[in-house]
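The structure appears below as structure tokens.
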Amino acid sequence: NGYASFVAPPAGPGVMVAGFACILAPGARHIAVGLARLLYEELTRYRWLYIVDALALAPSQPGLFEQCGDRYECQFLLRGNVAPSATPDTYRVSIELLDAITRGLLWRSEYDVGPGATDGGEADVAVAVAQVLAQPFGIVTIAGLNTRHEARYEGRWSAADLAMRFNLYLAIALTPQRHADLLGRTRAMLDGAPHFALGWKILGSLTRDEYVFRMRARAPRVQTLQRAAECFERALMLDPLMSRAAFLLATVRYFLGDLDGFEHWLQRALALHGSHPEQNHWGGVFLCLAGRHAEGSALLERADMTHHHAPLYRAGTVLGWYALGRQDEALAAVQALPDDSPVYVLHVARALLLASSGQRAPAAAALARAIRLQPELQEDLQGEVDKWFLAPALAARVASLLLPLQAAAPG
């Protein structure tokens, strides 16, 4: 019917981009049409998505959701609105992403566009929105973890399936079994698509995890991290704008004990995507653990990830707070989480916070849970401390609290 163009075959989770509405005002129509087109074109950069051009459809078009979900099999609908702002010659743009099946709002944000706007021009907003939505840790891939969507699209788009499984691994089940499954899938995909930048980023992250999260028993530190760095460098060579790969390369430098290298790549990642909450969050955590409290605290505050309850994020939050001396907040946060998380680092953090508050018996029990999940800790708990805490005084304090718990840990 001419409403939308369809690109086949689909390459990933579907997003249908509808036209933007606008209040009649000089320049508003131009902003609405131009920004919607720029956003559509920016989203097509992400090869694990397929994007449907529905720019001829108004956001209030009757049957819009039916077009989106039934005809084009898109999971998501993106639409926007442009209105004059209080600043002269500036427009307020609101953009929202909706679940095409439930019609629920998944994400909404507002931007100012125009000569006096702090958010920049239409192109800057399009790039920022596309990164928030479409990067591997963006709204689209995270929302795609929903069981309903995963079942519906299982195996249909291998790149999207890999991105979703990888996000699920990080968000919920950082386990050796899921790690091994993902490693096999990623290597198989790269055998057939050696220029797939996202695949190299995922392979680098999984390789790093062999040492960082002890996914491979006694993985050699330097060799493993160097292999991970090579994967991230290849991802960045294929896609220089992949800020996530730059950030993960920063973490490799951190775990190699190279704080200058860490800060270099962290700045590179934030220059590519300074508003990325996860990069600000973990960047702040690592800086705090390295004794750079002022810089780390500023990034943690900017990230504002305290609402995020995924085990790995929560572990980072409480360790960062502990390093900053915010022990009461950290203890309250870690005690609010269930005891059955499969992420051993969270139980190490719980043991540390409980021990530092004088609760020796529950601290020993928490450490015992960590050791059951990761038996290597029984022999190398000092190595775990040295790996995460680069500030010498902080590492010594943590070791003095955790090491005596091994003898007291229930079998």
Side-chain angles (χ1 to χ4, degrees), residues 131 135-137 170 197-216 218-303 305 312-313 315-317 319-320 322-324 345 380 382-396 398:
Q131 289 180 332
Q135 283 198 353
F137 285 81
L170 288 170
L198 173 63
W200 286 106
K201 192 276 297 182
I202 291 176
L203 182 60
S205 184
L206 294 171
T207 303
R208 182 198 69 155
D209 290 357
E210 290 180 6
Y211 166 74
V212 173
F213 296 113
R214 299 176 183 265
M215 292 298 175
R216 182 162 66 89
R218 295 172 178 79
R221 172 175 173 261
V222 174
Q223 293 176 18
T224 301
L225 293 175
Q226 285 178 341
R227 285 191 293 112
E230 290 169 3
C231 292
F232 296 135
E233 288 164 357
R234 186 158 182 176
L236 286 164
M237 180 180 67
L238 293 167
D239 184 355
L241 298 180
M242 186 177 281
S243 64
R244 175 72 185 165
F247 172 74
L248 288 168
L249 185 51
T251 69
V252 167
R253 302 314 309 176
Y254 180 92
F255 289 115
L256 284 168
D258 176 10
L259 191 54
D260 289 340
F262 167 74
E263 291 190 291
H264 168 79
W265 284 104
L266 176 62
Q267 291 303 320
R268 170 90 174 266
L270 295 179
L272 289 168
H273 194 177
S275 62
H276 196 299
E278 195 224 355
Q279 290 172 184
N280 279 284
H281 174 79
W282 275 106
V285 169
F286 285 124
L287 286 169
C288 291
L289 299 183
R292 306 288 180 85
H293 291 174
E295 302 96 319
S297 180
L299 287 185
L300 285 174
E301 186 174 330
R302 184 195 300 176
M305 292 287 280
L312 196 55
Y313 286 96
T317 299
L319 289 176
Y322 176 78
L324 290 171
V345 176
D380 192 29
Q382 181 68 60
E384 189 73 13
V385 173
D386 294 339
K387 178 172 68 184
W388 290 94
F389 300 91
L390 290 192
L394 180 61
V398 171

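Index from 1, following the sequence.
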Considering only NZ, NE, NH1 and NH2 on the basic side and carboxylate oxygens on the acidic side, decide whether Glu384 and Lys387 come within less than 4.0 Å.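 Salt bridge present between Glu384 and Lys387.
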Salt-bridge contact Asp380-Arg214 (side-chain N to carboxylate O under 4.0 Å):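 Yes, this pair counts.
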Give, for atom [atom1] of [X] and atom [atom2] of [Y], the distance between the pair rounded to the nearest 0.5 Å.
X: His293; Y: Leu394; atom1: NE2; atom2: CG; result: 6.5 Å
X: Lys201; Y: Leu236; atom1: NZ; atom2: CG; result: 11.0 Å
X: Leu249; Y: Leu266; atom1: CG; atom2: CG; result: 11.5 Å
X: Gln223; Y: Gln226; atom1: CD; atom2: CD; result: 7.5 Å
X: Arg234; Y: Glu230; atom1: CZ; atom2: CD; result: 10.5 Å
X: Leu287; Y: Glu295; atom1: CG; atom2: CD; result: 6.0 Å

Q. According to the interplanar angle, ranging from 0 to 90°, do the rings of Phe255 and Tyr211 count as parallel (below 30°), tilted (30 to 60°) or perpendicular (above 60°)?
A.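 Because their plane-to-plane angle is over 60°, the rings of Phe255 and Tyr211 count as perpendicular.
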How are the rings of Phe286 and Tyr254 set relative to one another: parallel (under 30°), tilted (30 to 60°) or perpendicular (over 60°)?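 The rings of Phe286 and Tyr254 sit tilted, inter-plane angle from 30° to 60°.
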Side chains of [X] and [Y] in contact at under 4.5 Å (non-hydrogen atoms):
X: Trp265; Y: Val252; result: no
X: Val345; Y: Trp388; result: yes
X: Leu259; Y: Arg292; result: yes
X: Thr317; Y: Val285; result: no
X: Leu272; Y: Phe247; result: no
X: His264; Y: Arg253; result: no

Does any donor atom in the side chain of Gln279 or Ser243 lie under 3.5 Å from an acceptor atom in the other side chain?
yes
Might you point out which heavy atoms bring [X] and [Y] nearest each other, and give the distance in Å?
X: Cys288; Y: Gly320; answer: CB-O, 4.1 Å
X: His281; Y: Ala303; answer: N-CB, 3.4 Å
X: Ala197; Y: Leu238; answer: CB-CB, 3.9 Å
X: Ala323; Y: Leu289; answer: CB-CD2, 4.0 Å
X: Ala219; Y: Glu210; answer: CB-O, 3.5 Å
X: Trp200; Y: Cys231; answer: O-CB, 3.5 Å

Notebook entry, point to check: Would you say Arg244's side chain and Leu198's backbone share a donor-acceptor pair under 3.5 angstrom?
Noted result: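 The answer is no, because no donor-acceptor pair under 3.5 Å joins these two groups.
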- Task: Could you tell me whether the side chain of Thr251 and the main chain of Leu248 form a donor-acceptor pair under 3.5 Å?
- Result: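 Yes, because the side chain of Thr251 sits within donor-acceptor range (under 3.5 Å) of the backbone of Leu248.
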Give the intermediate values and the outcome of side chain to side chain contact (heavy atoms under 4.5 Å, CB included) for residues Thr224 and Thr207.
CA-CA 7 Å; Thr224 301; Thr207 303; 4.3 Å; yes
Please report the C-alpha distance between Leu299 and Trp282 in whole Å, then the side-chain angles of each, then the deciding distance to 0.1 Å, and finally whether the side chain to side chain contact (heavy atoms under 4.5 Å, CB included) criterion is met. CA-CA 8 Å; Leu299 287 185; Trp282 275 106; over 6 Å; no
| said: Looking at Glu301, I want to see if its CD is surrounded by more than 12 non-hydrogen atoms of other residues, nucleotides or ligands under 6.0 Å. | reply: no
Residue set satisfying ring pair (Phe, Tyr, Trp, His ring centres under 6.0 Å) with Phe232, at least two apart, ordered chain then number -> none
